[in-house]
Asks: 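So that we are looking at the same thing, I have put the structure below in structure tokens.
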Amino acid sequence: MQDINLKELERKAWRSYHQDGLWDVFLGFMLLALGVYALTDSSTVHLLLTLSALGVFFVGKRFITVPRMGLVEFGAERKVKKMKIAAVLTMTFLLGLALYVVVTLSSGALEWLGEQPVLFPVGVGVMIVSVFSLMAYWLDFERLYLMGLVFAVAFTTMMLLHNPIVFFLAGAVVLVPGLFIFVRFLRRYPLPPEPKARGSR
């Protein structure tokens, strides 16, 4: 019984770290960055926006979330889940890189893609939903299911319509609620008062 209670407490602590809305803000900003990249075709601008989004995420976690929620050392099961997420993201990146190399170097692959104007974009969408679903399951973070669906629709629609506005709309769908969640988090969890020094009145 005690083990069950401890696991439930750890689960609540784990899930509390997603109440700050920073994942939503980060992923929404990433979609907006993709929209800017699609408009400008500038890898430098895209890289700067991506690094800025990562900076906001990690700085926010360190200086906003941790001071309010505390720093918790999770058990081995949670650490294994984090390793699984890292492995899935790494494999997804390598698979995407391999597909990009094959497509760019193989004329046959380009011809096949030209003959599959719908199948390939839909396949990309299914892959994105699958990756986000695994992350949502292992992170115990339900909003990632919805965000994965938004990402999948954005990428699939962009590949079908070739209209960058899709990324901006999808980014707003994820970012705006994330900002509301972030503000609610700040109101619900104010910074704890600093302990008074000895001898002070």
Asks: Quick one: do L22 and F182 satisfy side-chain contact (heavy atoms from CB on, under 4.5 Å)? Show the steps, please.
Replies: CA-CA 7 Å; L22 288 176; F182 178 70; 4.2 Å; yes
Asks: Is there side-chain contact between F132 and L27, with heavy atoms separated by less than 4.5 Å?
Replies: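 Sidechains of L27 and F132: in contact.
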Asks: What is the minimum heavy-atom distance between A172 and P177, and which atoms define it?
Replies: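 Closest pair (atom of A172, atom of P177, distance): O-CD, 3.7 Å.
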Asks: Does F180 CZ have over 12 foreign heavy atoms under 6.0 Å away?
Replies: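 Not buried by this count: 12 neighbours or fewer within 6.0 Å.
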Asks: Can you name the closest pair of heavy atoms from I128 and A152 and give their distance?
Replies: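 So the two residues come closest at CG2-N, 3.8 Å.
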Asks: If Ile, Leu, Val, Met, Phe, Trp and Tyr residues are connected whenever their side-chain heavy atoms lie under 4.5 Å apart, and connections chain through other members, are V129 and L119 in the same group?
Replies: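 Unlinked, V129 and L119 end up in two clusters.
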Asks: If the test is side chain to side chain contact (heavy atoms under 4.5 Å, CB included), which one of L39, L34, L31 qualifies with F168?
Replies: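 So, applying the side chain to side chain contact (heavy atoms under 4.5 Å, CB included) to F168 and each of L39, L34, L31, only L39 qualifies.
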Asks: Where do M158 and A38 come nearest, in terms of heavy atoms and distance?
Replies: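 What the structure gives for the nearest pair is CE-CB, 4.0 Å.
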Asks: Does any non-hydrogen side-chain atom of L186 lie less than 4.5 Å from one of I64?
Replies: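 When only atoms from C-beta onward are counted, L186 and I64 do touch, with a gap below 4.5 Å.
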Asks: I'd like to know if the side chain of T156 reaches the main chain of P121, judged simply by a donor and an acceptor atom lying under 3.5 Å from each other, with no hydrogens or angles considered.
Replies: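 Flag set: sc T156 to bb P121 pair under 3.5 Å.
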Asks: For residues V126 and S130, determine if any side-chain heavy atom of one lies less than 4.5 Å from a side-chain heavy atom of the other.
Replies: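 Yes. Closest side-chain heavy atoms under 4.5 Å.
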Asks: Working to the nearest 0.5 Å, report the span between CG of L175 and CG of L179.
Replies: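 Answer rounded to 0.5 Å: 4.5 Å.
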Asks: To check you understand the geometry: which heavy-atom pair defines the closest contact between A53 and M30, and what is its length?
Replies: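 So the minimum-distance heavy-atom pair works out to CB-SD, 4.1 Å.
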Asks: CE of M147 to CE of M135: how many Å apart, nearest 0.5 Å?
Replies: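 One gets 9.0 Å once the value is rounded to the nearest 0.5 Å.
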Asks: Does V176 share a hydrophobic cluster with V174, counting links as ILVMFWY side-chain heavy atoms below 4.5 Å and allowing steps through other members?
Replies: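 In one cluster: no.
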Asks: Minimum heavy-atom separation for A154 to V166, with atom names?
Replies: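 The answer is O-CG1, 3.4 Å.
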Asks: Are any of the side-chain heavy atoms of L49 and F29 separated by less than 4.5 Å?
Replies: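 When only atoms from C-beta onward are counted, F29 and L49 do touch, with a gap below 4.5 Å.
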Asks: Is it the case that one hydrophobic cluster holds both V131 and M159, taking links as side-chain heavy atoms less than 4.5 Å apart, direct or via other members?
Replies: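 Yes, one cluster joins them.
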Asks: Evaluate F57 against V25 for side-chain contact (heavy atoms from CB on, under 4.5 Å), listing each step before the verdict.
Replies: CA-CA 8 Å; F57 179 80; V25 172; over 6 Å; no
Asks: Look at the aromatic rings of F167 and F155 and report parallel, tilted or perpendicular, splitting at 30° and 60°.
Replies: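 The arrangement is perpendicular - the two ring planes meet at more than 60°.
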Asks: Can you find a heavy atom in the side chain of F26 that is under 4.5 Å from one in the side chain of L54?
Replies: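 Result yes, sub-4.5 Å side-chain heavy-atom pair found.
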Asks: Any idea how Y189 and F185 line up, ring-wise: parallel (<30°), tilted (30 to 60°), or perpendicular (>60°)?
Replies: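 Y189 vs F185 ring planes: tilted.
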Asks: In the single-linkage hydrophobic clustering (I, L, V, M, F, W, Y; side-chain heavy atoms under 4.5 Å), do W138 and L149 co-cluster?
Replies: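 Per the 4.5 Å side-chain linkage, W138 and L149 are not co-clustered.
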Asks: With V173, which of V153, D24, L146, V150 fulfils side chain to side chain contact (heavy atoms under 4.5 Å, CB included)?
Replies: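 With V173 as partner, V153, D24, L146, V150 yield a single side chain to side chain contact (heavy atoms under 4.5 Å, CB included), made by V150.
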Asks: Indicate the atoms forming the closest heavy-atom contact of L160 with V118, along with that distance.
Replies: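 Scanning both residues, the minimum pair turns out to be CD2-CA, 4.0 Å.
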Asks: Side chains of I181 and D20: closer than 4.5 Å at any heavy-atom pair?
Replies: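 Result no, sub-4.5 Å side-chain heavy-atom pair not found.
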Asks: Quick check: do V36 and L32 have side-chain heavy atoms less than 4.5 Å from each other?
Replies: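 Not in contact.
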